[in-house]
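First up is the structure itself, then whatever we jot down about it.
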Amino acid sequence: MTGQREYPDRPMVGVGGVVISDGRALLVRRGAPPLEGQWSIPGGMVETGETLYEGVRRELAEETGMEVRVVELIEVFERISLDAAGKTKYHFVVLDYLCEALGGNARAGSDVTDVAWASRADLAQYSLTETATRIIEKAFEMVRSL
């Protein structure tokens, strides 16, 4: 990926993929800032010339080893983090998609230190951000209506 993640000149576009399989959501533990050590939705930055769907598929494969089909947009949100001086350290615009697992066995890859499959009832034990929790909850509802 090109571009400067910290103190960017403009917002960066990210994508995430919420995979729900057998009543459980696939989570990753981040291995790099800004969410280093935290559980989250798999995903990352869209590369130049890559479509959003291609970015989701690539990121899921790199981070989790999973091959997925992108089903539907769940939500678009911004993550803006300021430093101690009030300057924008990170600014991401993220599009999270519901995905269907097509193949692969979940494993930690690229900038991820661990993966987990979490039931809806177990989400709280992963200390997800409020945004990630909301998006995963929406994904569970979307799967129920498919």
Side-chain angles (χ1 to χ4, degrees), residues 1-8 10-82 88-146:
M1 182 204 73
T2 59
Q4 184 176 323
R5 291 175 69 130
E6 288 190 6
Y7 302 100
R10 59 185 47 98
M12 301 191 75
V13 178
V15 290
V18 180
V19 180
I20 306 287
S21 182
D22 297 323
R24 298 177 302 155
L26 180 59
L27 305 177
V28 296
R29 188 188 300 267
R30 296 267 155 230
L35 295 176
E36 186 173 6
Q38 295 182 39
W39 288 97
S40 187
I41 295 167
M45 298 296 100
V46 175
E47 295 180 354
T48 301
E50 183 175 59
T51 68
L52 296 170
Y53 279 28
E54 290 168 343
V56 173
R57 288 191 298 267
R58 177 186 51 76
E59 284 291 341
L60 270 284
E62 288 176 2
E63 289 191 352
T64 71
M66 297 293 295
E67 179 187 352
V68 300
R69 179 177 72 88
V70 180
V71 177
E72 186 176 347
L73 180 67
I74 301 169
E75 185 175 322
V76 178
F77 70 95
E78 290 181 291
R79 173 166 286 127
I80 301 171
S81 301
L82 306 179
T88 301
K89 185 171 182 177
Y90 298 104
H91 186 167
F92 301 111
V93 176
V94 182
L95 297 90
D96 278 329
Y97 291 88
L98 176 64
C99 295
E100 174 189 10
L102 298 177
N105 293 311
R107 50 111 183 112
S110 66
D111 61 346
V112 167
T113 61
D114 200 3
V115 297
W117 288 99
S119 70
R120 195 173 197 172
D122 292 337
L123 287 178
Q125 77 184 41
Y126 291 91
S127 301
L128 297 159
T129 65
E130 183 179 315
T131 302
T133 301
R134 179 181 69 242
I135 290 167
I136 294 167
E137 290 284 354
K138 283 183 182 181
F140 275 116
E141 289 302 316
M142 291 168 73
V143 167
R144 281 184 42 194
S145 66
L146 290 179

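These figures come from a predicted structure and were not determined experimentally.
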Fill in the blank from the handout: In short, side-chain hydrogen bond (donor to acceptor under 3.5 Å, both in side chains) pairs touching residues 124-133 with sequence neighbours left out are none
Practice task
Please check if the side chain of Arg69 supplies one atom and the backbone of Glu100 the other of a donor-acceptor pair under 3.5 Å.
Solution key: no
Completion exercise
Contacts satisfying side-chain hydrogen bond (donor to acceptor under 3.5 Å, both in side chains) that involve residues 102-111 (not counting sequence neighbours) are none
Exercise for the section: Identify the heavy atoms of Val56 and Gly16 that sit nearest to each other, and give their distance. Expected result: CG2-O, 4.1 Å
Exercise for the section: Starting at CG of Leu27, measure out to CG of Asp114 and round the result to the nearest 0.5 Å. Expected result: 10.0 Å
Fill in the blank from the handout: CD of Glu72 to SG of Cys99, rounded to nearest 0.5 Å, is 11.0 Å
Completion exercise
Scanning both residues in full, the closest heavy-atom pair of Thr113 with Gly31 reads CG2-CA, 3.8 Å
Fill in the blank from the handout: Of all heavy-atom pairs linking Val68 and Ala101, the shortest is CG1-CA, 4.4 Å
Practice task
Work out which heavy atom in Tyr90 is nearest to a heavy atom in Pro34; give both atom names and the distance.
Solution key: CE1-CB, 3.6 Å
Handout entry: Separation of Leu60 CG from Met66 CE (nearest 0.5 Å)
Key = 8.0 Å
Exercise for the section: Would you confirm whether Arg30, through its side chain, and Ile41, through its main-chain N or O, come within 3.5 Å as a donor-acceptor pair? Expected result: yes
Completion exercise
The side chain to side chain contact (heavy atoms under 4.5 Å, CB included) partners of Val94 (sequence neighbours excluded) come to Phe77, Phe92, Asp96
Exercise for the section: Could you pull out all residues at least two apart from Glu36 that satisfy side-chain hydrogen bond (donor to acceptor under 3.5 Å, both in side chains)? Expected result: none
Exercise for the section: Could I get the full list of side-chain hydrogen bond (donor to acceptor under 3.5 Å, both in side chains) partners for Glu137, not counting sequence neighbours? Expected result: Arg120
Handout entry: Min side-chain heavy-atom separation Phe140-Leu98 under 4.5 Å
Key = no
Problem - Nearest-0.5 Å distance, OG of residue Ser21 to CG of residue Leu26 - result: 9.0 Å
Completion exercise
When Leu73, Val18, Val71 are each screened for side-chain contact (heavy atoms from CB on, under 4.5 Å) with Tyr97, the one that passes is Leu73
Exercise for the section: Could you tell me whether the side chain of Thr64 and the main chain of Ala61 form a donor-acceptor pair under 3.5 Å? Expected result: no
Practice task
Measure from the side-chain N and O atoms of Glu62 to the backbone N and O of Gly65, and report whether any donor-acceptor pair falls under 3.5 Å.
Solution key: no
Handout entry: Spacing of CG belonging to Leu52 relative to CZ belonging to Arg57, to within rounding of 0.5 Å
Key = 10.5 Å
Handout entry: Glu141 side chain vs Lys138 backbone, donor-acceptor pair below 3.5 Å
Key = no
Practice task
Measure from the side-chain N and O atoms of Glu75 to the backbone N and O of Leu95, and report whether any donor-acceptor pair falls under 3.5 Å.
Solution key: no
Practice task
Hey, could you give me the OG/CG distance between Ser81 and Leu35, rounded to the nearest 0.5 Å?
Solution key: 7.5 Å
Completion exercise
Sorted by chain and number, sequence neighbours left out, side chain to side chain contact (heavy atoms under 4.5 Å, CB included) with Ile80 holds for Glu78, Leu82, Thr88, His91
